[in-house]
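Beneath this line is the structure, given in structure tokens, with notes to follow.
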Amino acid sequence: MGVVGMDAPLHRSSKLILVPILAVLFVMIGYQYICPAGSNSCHFKTGEKLRGVSLLSNPYQESDDFYRDQDLEDESPPKLPSKFNFTERDLDRHVEFNIKGDDVIVFLHIQKTGGTTFGRHLVRNIRLEQPCDCKPGQKKCTCHRPGKEESWLFSRFSTGWSCGLHADWTELSNCVPVIMDKKEAQRNKRNFYYITMLRDPVSRYLSEWKHVQRGATWKTALHMCDGRSPTQDELPTCYSGDDWSGVTLTEFMNCPSNLANNRQVRMLADLSLVGCYNLSSMNESQRNHILLSSAMSNLKNMAFYGLTEFQRKTQYLFERTFSLRFISAFMQINSTRAANVDLSEPVRRRIEELNYLDVQLYEYAKDLFLQRFQFTRQREHQEVRLKRRGLEKGTDGDFPTTTEDYTSQVARW
């Protein structure tokens, strides 16, 4: 009787213990189905804390990313040592972007670099306190600062082509401050953060050829430099009639004044340094050297640039540079019109020769981009390790419970 009397309470006690365990397991299994790993559809309240340490002690949470570590690493071959002597200041990119103040992001859109897709990300895909207002059927969105009727973004999809169709660095740097002052009555000192997208020169060139072949001209572009547009003698057209529809690749390559040649260098350089479009102002070798050096310098000093071939890394670096988050992940699309062009080796070499400045710029840009990615990842991993050590030790341990403060190391530009 004694033994039976003890077994009954133990059985009831086991049931009481088993019920909450099963409940917890049920919730955990259910959560995996509703919010699988990598999902961005489930969010914790921002005020949640863990062992006295805020979950928002830095702006980026691993669970909040769309991409896993392996996704980022698989996007490119193993990192090679840099061919250029980049300093930590060149690699460290973080902007204290004040969207509620007077800061402005200026998007320099180079043709056929994936800029249309990236431009749409800027107006439709950023998580903001006051999202851009994009109405169906309208090309432009209204991107106002919270509580103000002022734009924080200067781009095709927010302010239109206010400085001319596909305005280059020379045009934008002279035009944007004037336009912003006209649009907004209060003329405070603004920080303009320039951003752009670049693409492999051969792919970009072929994409532009296919686009022109379908009827694109961009002939309304102003090409303003030193207060004027180029004359017909300075910039002859490659075709007669309304457009260059049906142009063959050979014809496209044979026009000496084709703006597709070295377009990325020209659009990023300060053209005033070489007499704008007046080719007689200096010899070709000197002109090319100045253009390439200027484009490299301007690109390096921009707040941010991305590469079409590295969509996930582009998203990752933009988010870390501006402390802004995208709602959905960037997609890498490799089946482009340019990719489907069957090139012979002699034709490929000819395109590289026509774009040899762009080839050098892209080599530089890709190296710097991947170095910045590696630098940012290493720093982020170090911050995570420090935080974990702090969590393991607790607030009274030997290790700090907050991440290392890198803001003192940020270079201002």
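Note that these values count all heavy atoms, side chains included, but never hydrogens, waters or copies made by symmetry. In this text the structure is predicted, and so the values were computed from the model without any measurement.
Looking at D103 and N98, their side chains never bring a donor and an acceptor atom within 3.5 Å of each other. Looking only at atom types and distance, the side chain of R287 has no donor-acceptor partner in the side chain of S281 under 3.5 Å away. If you check the side chains of D226 and S272, you find a donor sitting under 3.5 Å from an acceptor.
Between L317 and F310 the shortest side-chain heavy-atom distance does not fall below 4.5 Å. Within the 4.5 Å cutoff, the side chain of Q264 has heavy atoms near those of the P201 side chain. Counting heavy atoms from C-beta on, the side chains of Q374 and L370 never come closer than 4.5 Å. Taking 4.5 Å as the limit, every side-chain heavy atom of F157 sits out of range of all side-chain heavy atoms of C134. No side-chain heavy atom of D168 sits under 4.5 Å from any side-chain heavy atom of R266. Put simply, the side chain of E129 reaches to within 4.5 Å of the side chain of K100, judged on heavy atoms. Considering only heavy atoms from C-beta on, W161 comes within 4.5 Å of H109 through its side chain. Under the 4.5 Å side-chain criterion, counting only non-hydrogen atoms from C-beta, K189 is not in contact with D102.
Side-chain N or O atoms of Q213 include one that pairs as donor or acceptor with a backbone N or O of V247 at under 3.5 Å. Not one N or O on the side chain of E352 forms a donor-acceptor pair closer than 3.5 Å with the backbone of V202. In this structure, the side chain of N262 engages the main chain of L357 through a donor-acceptor pair within 3.5 Å. A donor-acceptor contact shorter than 3.5 Å links the side chain of R145 to the backbone of I99. Looking at S82, its side chain never comes within 3.5 Å of a backbone N or O of L368 through a donor-acceptor pair. Distance alone, capped at 3.5 Å, is enough to place a donor-acceptor pair between the T196 side chain and the L108 backbone. Although no hydrogens or angles enter the test, the distance criterion places a donor-acceptor pair under 3.5 Å between the side chain of N301 and the main chain of S297. Side-chain N or O atoms of S155 include none that pairs as donor or acceptor with a backbone N or O of G119 at under 3.5 Å. When atom types are taken as modelled, the side chain of S257 and the backbone of P236 share a donor-acceptor pair closer than 3.5 angstrom. When atom types are taken as modelled, the side chain of S158 and the backbone of L153 share a donor-acceptor pair closer than 3.5 angstrom.
For residues 256-301, every residue pair satisfying the ring pair (Phe, Tyr, Trp, His ring centres under 6.0 Å) rule, not counting sequence neighbours, is listed here: H223-Y277. Residue pairs that meet the ring pair (Phe, Tyr, Trp, His ring centres under 6.0 Å) test with at least one member in residues 336-368, sequence neighbours left out, are F84-Y364, F86-Y364.
Ring centroid separation for the pair F318 and F326 comes in under the 6.0 Å cut-off. A ring-centre distance under 6.0 Å is found for F107 and F118.
Residues meeting the salt bridge (charged side-chain N to carboxylate O under 4.0 Å, His left out) test with E171, sequence neighbours left out: none. Residues meeting the side chain to side chain donor-acceptor pair (under 3.5 Å) test with H144, sequence neighbours left out: none. Applying the ring-ring contact (aromatic ring centres under 6.0 Å, His included) criterion to Y305, with sequence neighbours excluded, gives no partner residue. Residues passing the salt bridge (charged side-chain N to carboxylate O under 4.0 Å, His left out) test with E284, sequence neighbours excluded: none.
For the atom pair CD1 (I195) and CE (M302), the distance works out to 9.0 Å, reported to the nearest 0.5 Å. Here the CZ atom belonging to F304 is positioned 6.5 Å from the CE atom belonging to M197, to the nearest 0.5 angstrom. Expressed to the nearest 0.5 Å, how far CD1 of I105 lies from CG of N191 amounts to 11.5 Å. Within the model, atoms CZ of F252 and NZ of K210 stand 11.5 Å from one another, a figure rounded to the nearest 0.5 Å. Atom-to-atom distance recorded for W218:CH2 and D243:CG is 12.0 Å, nearest 0.5 angstrom. The line from CG of N355 to CG of N258 is 9.0 Å long, rounded to the nearest 0.5 Å.
For E309 and K366, the salt-bridge test fails: no basic side-chain N is under 4.0 Å from an acidic carboxylate O. Under 4.0 Å is where a charged nitrogen must lie from a carboxylate oxygen, and between E234 and R228 at least one such pair does. Residues R204 and E208 are paired through a salt bridge, judged by an N-O separation under 4.0 Å between the basic side chain and the carboxylate.
Heavy atoms only, all atoms of each residue included: Q332 and T308 are closest at NE2-O, 3.3 Å. G306 and F369 get closest at one heavy-atom pair: CA-CE1, 3.9 Å. Residues Y194 and S173 share a closest heavy-atom pair of OH-CA, 3.3 Å. Between S294 and D270, the shortest heavy-atom distance links the atoms OG-N, 2.9 Å. When all heavy atoms of V104 and R190 are compared, the pair lying nearest together is CG2-CD, 4.0 Å. Closest approach of E150 and G101 over heavy atoms only: OE1-O, 4.2 Å.
Summarising the local packing, CZ of R348 is surrounded by 12 or fewer heavy atoms from other residues, nucleotides or ligands at distances under 6.0 Å. Around CD of E149, the count of heavy atoms belonging to other residues, nucleotides or ligands within 6.0 Å does not exceed 12. Within 6.0 Å of CG in D242 there are 12 or fewer heavy atoms belonging to other residues, nucleotides or ligands.
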With side chain to side chain donor-acceptor pair (under 3.5 Å) as the test, would you mind laying out the steps for R156 and T116 before giving the verdict? CA-CA 9 Å; R156 165 189 180 180; T116 297; 2.9 Å; yes
Under the side chain to side chain contact (heavy atoms under 4.5 Å, CB included) rule, what do S151 and T159 come out as? Steps first, then yes or no, please. CA-CA 8 Å; S151 181; T159 52; 4.1 Å; yes
Between L198 and L299, does a side chain to side chain contact (heavy atoms under 4.5 Å, CB included) hold up when you go through it step by step? CA-CA 10 Å; L198 271 70; L299 184 70; 3.8 Å; yes
List the steps, then state whether side chain to side chain contact (heavy atoms under 4.5 Å, CB included) holds for H381 with Q378. CA-CA 5 Å; H381 287 158; Q378 287 176 345; 5.7 Å; no
Begin from the C-alpha positions of C132 and C141 and carry the test disulfide (SG to SG under 2.5 Å) through to its verdict. CA-CA 6 Å; C132 295; C141 304; over 6 Å; no
Apply side chain to side chain contact (heavy atoms under 4.5 Å, CB included) to residues M282 and V274 and explain how you reach the verdict. CA-CA 7 Å; M282 62 184 67; V274 294; 4.1 Å; yes
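The aromatic rings of Y193 and F97 lie perpendicular to each other, with more than 60° between the two planes, well past the 30° mark.
Partner L206 forms a side-chain contact (heavy atoms from CB on, under 4.5 Å) with one of L343, N340, D200 and no other, that one being L343.
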